[in-house]
Amino acid sequence: MTKTMVKDSPVRLLEIDQISSTGPSIEILNDVIGVCEDKDPQFILSQFLSRGILHMVQRSSLAFDTEVEFAKLMLRDPDCFVNFPISSILKPLSAGGDMEIALTSIRAKCHSKADCNSAVDIIVNELPPGTSQGLITEIKIAALELISNALIHGPKKEIDGLSYDQNGREIFNNRHVMVKPAFLSVGYDEERIVVACRDLYGNLEIAETLERVRRCFEYGVSLMMNFGPEGAGVGTFLIFKLASAIYISVAENGLTVICFSVPRQLSQTGRDALSKNLHVHYKRPPIASAKVNGTT
Amino acid sequence: MSKNTKSTLEIERVGTTVNIKVPSTIGDQFNLPIEPLQDAEVLHVDMMELKIMISHGLRHFLMWFYGLEASNPTLKVHIKNVHTNVANTFVLVRKSINRYVNFDSVFVPFFCPRCSLDDVTTLMTREIFFADSNPVEKKIKPVICNKCGQPMELDATLGYFSLFENPS
């Protein structure tokens, strides 16, 4: 992973109160944390998609101060998030190897799409005692979406023609093949539970994925859902709907880390009503790189 | 009467009525039938075993509903025993499926704000929901928290029960 350009630059907190009327951003704002209050998910996603703001934190969200500190950490030292995601999110001021070990309940390695359910069961079994059944189920759904995405979309983009046998094992040219593993981990503090997923492909197209999620919010899932081989972003939409914050880092052709956090104690309606935050990091800005690719 | 457990579904046919029990997981090989239902008049789908559904499962069901509607538009589809998170997912596509699909019963979530515990064992039926104009809480026997012994709170918005509504 490369360091961001703002390693030694001050980070600005920018009050955001309206969506930019301009089109897609051609510039990624590497030194800005967007701050707002009581905005809906479409607004938060639009700030990234149209303004290039990588971090949107709402005053009305859970753990606002910690979320701002996390955004500063991600701008200053994105490697820290990539290597120690759970401690970076829960304890950004003391994130690192020791804190990661202290906060991580368990880590599950998954070698095949066929093993996704078992990997999710492993991490769900390590959720904090007293977690409500409804929340356990929702975390299970979001974790399944994450690990399935990692083990389906990642390899399929790299191996053209990848398919599956009746047990869900990967096949290419009529032979079983090994795909790169993905990892799930879970950790928590007194207030929040964090689930992290890492794959070794690094080919998630963040802007495209989040635009699909935004459209799911704006137009509804029915209109967005298609029945072709490519997803409509509904899985990611379900994660975004559940989570109080989403954290995404992609190092192109290297690594994708996606995490989400949820409150431990709230009811389902309480969770649904929470303001959401979004944190994104690219090794290479996707729009700029797309332009370069398009002209060469 | 015939019984068939192919495709991990339990399918039972009695005259022109077909009963289907959905299994607990929906994998890649999951195949909901369309052709055997082409001459059926009523379809009952029991979702008691299905406690978790991700986007993949939603896609299967949408394809099935759309396929059924195209092949047998007069079929009466009734779905019962829908668990909370499955119902929450169906709510997202309600407008597309409610013209064809009738949800007969869903589990209703309750939450204890004192103990942060939930309960998802209470079933609400369409008949009870539309029986009178009382709020949902008044239609259901109070749910008591196992830990503190106090009544729990309903943990669903009115949007959750929109599954019962059919567009006119």
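Below, read A as the first sequence line, B as the second, and so on, with proteins coming before strands; counting in each chain starts at 1. Only this structure's heavy atoms are used, side chains among them; waters, hydrogens and symmetry mates stay out.
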>> Would the distance check show the side chain of Glu145(A) and the main-chain N or O of Ser55(B) forming a donor-acceptor pair, the cut-off being under 3.5 Å?
In response: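 Yes; at least one donor-acceptor contact below 3.5 Å.
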> So which part of Thr157(B) gets closer than 4.5 Å to some heavy atom of chain A, the side chain, the backbone, both or neither?
Replying inline: both
> What part of Asn88(B) gets closer than 4.5 Å to chain A, counting heavy atoms only: side chain, backbone, both or neither?
Replying inline: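 Side chain of Asn88(B) only, per the 4.5 Å heavy-atom cut-off to chain A.
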>> Could you report the tightest heavy-atom contact between Lys241(A) and Leu92(B), atom names first, then the distance?
In response: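 Nearest pair, atom of Lys241(A) first, then Leu92(B): CE-CD2, 3.7 Å.
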> Of the non-hydrogen atoms in Thr137(A) and Ile52(B), which two are nearest, and what is the gap between them?
Replying inline: O-CD1, 4.1 Å
>> Holding to side chain to side chain donor-acceptor pair (under 3.5 Å), I want the full list of residues that pass it with Arg214(A), two or more places apart in sequence or in another chain.
In response: Glu211(A), Glu218(A)
> Is it the backbone or the side chain of Leu238(A) that comes under 4.5 Å from a heavy atom of chain B, or both, or neither?
Replying inline: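 For Leu238(A), the side chain is the part near chain B, not the backbone.
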>> Does anything in residues 121-152 of chain B reach chain A? List residues with heavy atoms under 4.5 Å apart, or say none.
In response: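 Those residues of residues 121-152 of chain B which would need a heavy atom under 4.5 Å from chain A do not exist here.
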>> Less than 4.5 Å apart, side chain to side chain, heavy atoms only: is that true for Asn117(A) and Thr25(B)?
In response: no
> Of all the residues in residues 265-277 of chain A, which have a heavy atom that comes within less than 4.5 Å of a heavy atom in chain B?
Replying inline: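 Residues of residues 265-277 of chain A touching chain B at under 4.5 Å: Gln265(A), Leu266(A), Ser267(A), Gln268(A), Thr269(A).
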> So which bits of residues 119-133 of chain A come within less than 4.5 Å of chain B, counting non-hydrogen atoms only?
Replying inline: Gly130(A), Ser132(A), Gln133(A)
> Is it true that atom NZ of Lys76(B) has more than 12 heavy atoms of other residues, nucleotides or ligands lying nearer than 6.0 Å?
Replying inline: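 No, because the 6.0 Å sphere around NZ of Lys76(B) holds 12 heavy atoms or fewer from other groups.
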